[in-house]
Visitor: 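Before we start, here is the structure in question, set down as structure tokens.
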Amino acid sequence: MAEKRDYYEVLGVSKTASADEIKSAYRKLAMKWHPDRNPDNPEAKAKFQEASEAYEVLSNPEKRQRYDQFGHQGVNFGPGGFDFGRDFSHFQDVDLSEILGSFFGGGGGGFSFGDLFGGGRRRRAADPNAPQPGADMTMEMEIDFEEAVFGSERTMNITVPDQCPDCHGTGAASGSQRVTCPTCHGHGVVIGGSGFFQVRQTCPTCGGGGTVVEHPCRKCNGSGQVRTPRTITLRIPKGVDTGSRLRLTGKGAGGLRGGAPGNLYVVLNVRDSDVFEREDVDLFVTVPISPVLAALGGSVDIPTPDGIATVSLPAGTPNGKQLRLRGKGMPDLRGGPVGDLVARIVFEVPTRLTGKQRGALEELAKTLDPGNFPEARAFGDRLKTFYNRRDKLKKNA
Ligand SMILES: [Zn+2]
Ligand SMILES: [Zn+2]
């Protein structure tokens, strides 16, 4: 390692320099050699580090005194103590504006030196020529219940922003170019305010991109994109439900300057079925039957998505009886087992009886007794208990 230069010599000040002179000398050197202003320049980096190290020592009265007395040894303690000889490369990680801003007592005033230089490395404007990916788009779609059960394919005509065919996405009229923004000179930012306090703003002319179109394309008004009609085929898988979101990769808005297009998301809204009710993958259906069938037993047709399933009912099937048909419900979107179909059997009281039918029922009624109606009998027993308790309370009152 080369011998260290004298700190006063590094900053170019005399041994009797005042604190202000030291500060001013360092500021000049820092502005000249800061890595932000000298990218990929190792010599500048070394000079910047050397000046920063010298400043760190000479700006501190105690360290400066020790340095005056003992030279570099005086400020280069061993392990455990202050190690001023350490690597000063940490200064590189500090924004130029922060180093120089610290001369003015730090923030609070909204001022920072970096603004004057078009920004430190952390705030450099994005490359205006970089590809810009297209936006994702979302649309809603209503589908029939049957499409959710069996899946379907839909063709949609939609309009998405895509590259303007006239200017090929440049936004510039034919024969015209994108040119450096005259307001910000390509920096993408402008310095506003006046005097000492200045603020940095996104350039209003180019929106921060740093370039503007000389003569905007007439078709797209300079945006580079126009609403473009597209025909899209959407495959709806079995088992979708309201809220299901399908992704069509690359079918969203077109990108700019070769950027990838965004995705198109289709959020489904499944219309209710007139036949089935749905709960996740299970389906429910209410099947009306004749009370005679319920009494005598027999076969009943249960609708399932795949077709009619014939089920035999035992004699004396109660009203509201539920039958579960495993695997006859909805397909599972995630590939799980198919849901169940739950059929609820209800019998319907016959209406508009003919005289003959009425006679037959009256004949039937004469033969029926409480033994034919166990539920009615149990209900009668519960009523009896209720009124017995009531009467006991009345007597005691
Ligand atoms: Zn255009
Ligand atoms: Zn601009």
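In listed order, ligands and their atoms are each counted from 1.
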Visitor: Confirm or rule out an N/O/S atom of His187, from backbone or side chain, lying less than 2.8 Å from the Zn ion (ligand 2).
Guide: no
Visitor: Within 2.8 Å of the Zn ion (ligand 2), is there any N, O or S atom belonging to His185?
Guide: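 Checking the Zn ion (ligand 2) against His185, no N, O or S atom falls under 2.8 Å.
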Visitor: Under the 6.0 Å and 45° cation-pi test, does Arg245 pair with Tyr265?
Guide: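 Yes - Arg245 lies over the ring of Tyr265, closer than 6.0 Å to its centre and within 45° of its axis.
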Visitor: Would you call the rings of Tyr55 and Tyr26 parallel, tilted or perpendicular, taking 30° and 60° as the class edges?
Guide: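 Rings of Tyr55 and Tyr26: parallel, under 30°.
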Visitor: To the nearest 10 degrees, calculate the angle at the Zn ion (ligand 1) involving SG of Cys220 and SG of Cys167.
Guide: 110°
Visitor: Under a 4.0 Å N-O cut-off, is there an ion pair linking Lys15 with Asp68?
Guide: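 Answer for the salt bridge query: no.
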Visitor: Determine whether Cys181 and Thr211 make a side-chain contact, defined as any pair of heavy atoms from C-beta on separated by less than 4.5 Å.
Guide: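 No, their side chains stay 4.5 Å or more apart.
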Visitor: If I take every N, O or S atom of His168, is at least one of them less than 2.8 Å from the Zn ion (ligand 1)?
Guide: no
Visitor: In Å and rounded to the nearest 0.5 Å, what is the CG to CD distance from Asp162 to Gln225?
Guide: 6.5 Å
Visitor: Quick check for you: with the Zn ion (ligand 2) as the vertex, what angle do SG of Cys206 and SG of Cys184 span, to 10°?
Guide: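 It is 110°, given to the nearest 10°.
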